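Throughout, a chain's letter reflects where its sequence line sits, starting with A, and its residues are numbered from 1. As a basis for the values below, the full set of heavy atoms in this structure was taken, side chains included, without hydrogen atoms, waters or symmetry mates. Values in this document were obtained by computation on a predicted structure and should not be read as measured data.
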Amino acid sequence: MIAMVDCNSFYASCEQVFRPDLWGKPVVVLSNNDGCVIAANKEAKQLTHIPMFEAVYKIKHILEKNKVTFFSSNYTLYGEMSQRVMNILGTFSPNVEVYSIDEAFLDVDGMAHLDLRAYGFRIKEKIFRYTGLPVGVGIAPTKVLAKLANRLAKKQEGHDQVYIMDTEEKRLAALQWAKIGDIWGIGRNHVRRLNAIGIYKAIDFVKLPLAWVRKEMTVVGERLWRELRGEPCLEFTTVPKPKKAIGTAKSFGQKLPDLERIEEACAYYISEVAEVLRAQKSCATYVQVFIVTNYHSKVDKQYSKSKTVKMPIPTNDTFALISEARKALHHIYKPGYRYKKVGVNLTGIIPQEYVQGNLFQQLPETSKKELIRTFDRLNIKFGKSSVASGMIGTRIEEWELIKRERSPRYTTQWRELLKIGRSG
Amino acid sequence: MDSPTYGKIQQTSDRHAPEVSKQTGFPSAATHYMEMPIDLHKELAIHKDATFYIRVDGDQWKQHRIFHNDVLIVDRSLQSRFGDLGLVVQDGEFKAMRIGFGEEEEYVLWGIITYIIHYAR
Ligand SMILES: [Mg+2]
């Protein structure tokens, strides 16, 4: 059996742990630069007129009228809280597959002697007691079914956030309950195709002939079909896959049309992603840069363009990446537009030990490597981007997310600890 | 991710061998006695996944010897015992209180205060 543990409204819950004044109240979390609503808790979702992924300035009046508290995303906090949850899950099973920041699969095969329902409740209660975060637990014979069991645990009344799909009757009942789009891995296109031939429920999908599924939905669809029938097909991967691409793109706080400022922002993002690259001990082969105008605007001229360049040798050196990205940016930049967003993507990610210097290009000399390492250490110690390459300039605040509504980094910064008492 | 286009060369890893005397080839006598320096987080945050540091503003809890600017170490994993100093939530606000006294008031226990860090200078 496999357990799927998923935190409830994770981002909003992380904020609420430290804000008891907001317990039971609507909370939403906005994307970087307060662009869009990316997470909402149960209370906020009940106000059905809060559209997800909507630009916040369009719905600010709704949020204010309904006394919804909103936060800019605080990924430092969410990441640290996530780490706690995953550590605790490690005490329940030797095999934990971290699937996302707030979800993990647990191999529960050795636990057959246990009362699985009691086991599920122990997971839920321990995580809540240790971290203050609410979770749902679904346990079923396959990953896809465990994901579905988790959905039942949360959406159906009376399960108290824990659902064990341990009989054939329960499996069939769940498939009868679930719409095809509720199934993990079935995307919008497949939902449309399946609806077109009269398939709406998961139960109808598993009754389709395998040959049809294989032909229309490839081997991916076949695996889902088998998993839903209780046959495990998706392997358990406890080692996180190295990222194939690392990128970041953020909107400017205000529209910034001139090249110099875009350059600075671009350099800053590169320094962010290069840090991730070095932390996972890998190098990037390509760097892609893109710029976009404000597509929400009805009056401005629109333009967007991207360019990918190959690095002379795969690298994680901030300075080398910045210099190539800058050339790419000069290539695509056209004056006269009001740019809203610049982004960078590093692709062709390979392990650092695979990198070979070529005849014309020396590997970065040790002293430079030392410098970069120090740079990362300082950033960890003092918080992100306190130290940055010279090109980044001093106007970081402008693009470094609008942090006004960002909560303190309660668990990683001594100067930002939760404060209680007179002020609290 | 494997990438056949790049020949694999192993970088020499940082040397972490114990110090060996260049003259004699014997490890220094101190090597066997090396230990990690004291790490307060390890000592004071017993259940690290359940421990939070929280700063106090004001002297309203001085009867519990909690003073302005102190940092509380709060362990959420502990079951409360009579007489524990608890960090509780009442009417949406944090409060420090002795568990077992004044029980008529309703509260939610947030965690147990295990240490109070006070700057003495
Ligand atoms: Mg979740």
Side-chain angles (χ1 to χ4, degrees), chain A residues 17-25 80-81 83-91 126-133 241-245 281-283 285 313-314 348-358 363 366 369 373 408 410-424, chain B residues 1-14 40-41 45-62 64 66-80 87-97 107-113 117 119:
Chain A
V17 168
F18 302 93
R19 292 286 304 273
D21 57 311
L22 300 179
W23 290 356
K25 306 226 167 98
E80 203 274 343
M81 293 296 277
Q83 192 59 58
R84 291 175 187 245
V85 171
M86 300 309 166
N87 290 346
I88 296 162
L89 288 177
T91 66
K126 187 170 182 182
I127 292 177
F128 185 76
R129 187 151 56 84
Y130 274 49
T131 66
L133 296 168
K241 300 168 213 79
K243 283 191 183 170
K244 294 219 167 75
K281 294 193 169 23
S282 44
C283 290
T285 315
I313 52 166
I349 309 289
I350 60 171
Q352 171 173 288
E353 71 261 22
Y354 286 10
V355 176
Q356 192 180 34
N358 64 32
L363 283 168
T366 324
K369 271 195 186 159
R373 251 202 303 259
Y410 302 113
T411 59
T412 54
Q413 291 294 322
W414 191 250
R415 282 175 196 81
E416 297 182 26
L417 295 181
L418 171 63
K419 216 179 215 188
I420 62 166
R422 199 164 46 192
S423 59
Chain B
M1 189 172 67
D2 27 319
S3 173
T5 44
Y6 296 97
K8 184 170 178 170
I9 50 163
Q10 290 292 339
Q11 289 185 338
T12 52
S13 56
D14 293 342
L40 277 184
H41 181 65
I46 311 295
H47 305 100
K48 67 176 176 58
D49 295 318
T51 298
F52 296 87
Y53 298 95
I54 295 170
R55 192 173 293 278
V56 174
D57 187 27
D59 279 324
Q60 61 274 49
W61 298 308
K62 59 172 185 272
H64 301 305
I66 297 172
F67 298 101
H68 176 60
N69 228 14
D70 285 358
V71 172
L72 309 177
I73 302 187
V74 179
D75 188 336
R76 290 185 54 105
S77 72
L78 301 174
Q79 302 289 358
S80 68
L87 181 67
V88 305
V89 171
Q90 231 169 21
D91 303 322
E93 272 183 37
F94 282 110
K95 226 172 136 180
M97 69 154 70
Y107 64 84
V108 176
L109 180 67
W110 198 89
I112 301 294
I113 300 170
I117 307 177
Y119 185 61

Checklist outcome for this item: Counting heavy-atom pairs under 4.5 Å with chain A, the top scorer among Ile66(B), Val56(B), Val71(B) is Val71(B)
Next on the checklist: Report which part of Thr131(A) has an atom under 4.5 Å of a heavy atom belonging to chain B: side chain, backbone, both, or neither.
Outcome noted: both
Checklist entry - Measuring heavy-atom distances to chain B, does Val85(A) have an atom under 4.5 Å in its side chain, in its backbone, in both, or in neither? => result neither
Next on the checklist: For the interface with chain A, which of His68(B), His47(B), Arg55(B) has the highest count of heavy-atom pairs at distances below 4.5 Å?
Outcome noted: Arg55(B)
Next on the checklist: What's the separation between atom CH2 in Trp61(B) and atom CD1 in Ile113(B), rounded to the nearest 0.5 Å?
Outcome noted: 8.0 Å
Checklist entry - What part of Leu87(B) lies closer than 4.5 angstrom to a heavy atom of chain A: side chain, backbone, both or neither? => result side chain
Item to check | Structural part of Lys95(B) lying under 4.5 Å from a heavy atom of chain A | outcome: neither
Checklist entry - Between Phe52(B) and Leu418(A), is any pair of side-chain heavy atoms under 4.5 Å apart? => result no
Item to check | Sequence-distant partners of Arg19(A), salt bridge (charged side-chain N to carboxylate O under 4.0 Å, His left out), two or more places apart | outcome: Asp21(A)
Item to check | Minimum heavy-atom distance Leu109(B)-Tyr107(B), with the two atoms named | outcome: N-CD1, 3.9 Å
Checklist entry - With side chains defined as the heavy atoms from C-beta onward, is the minimum distance between Phe94(B) and Val89(B) less than 4.5 Å? => result yes
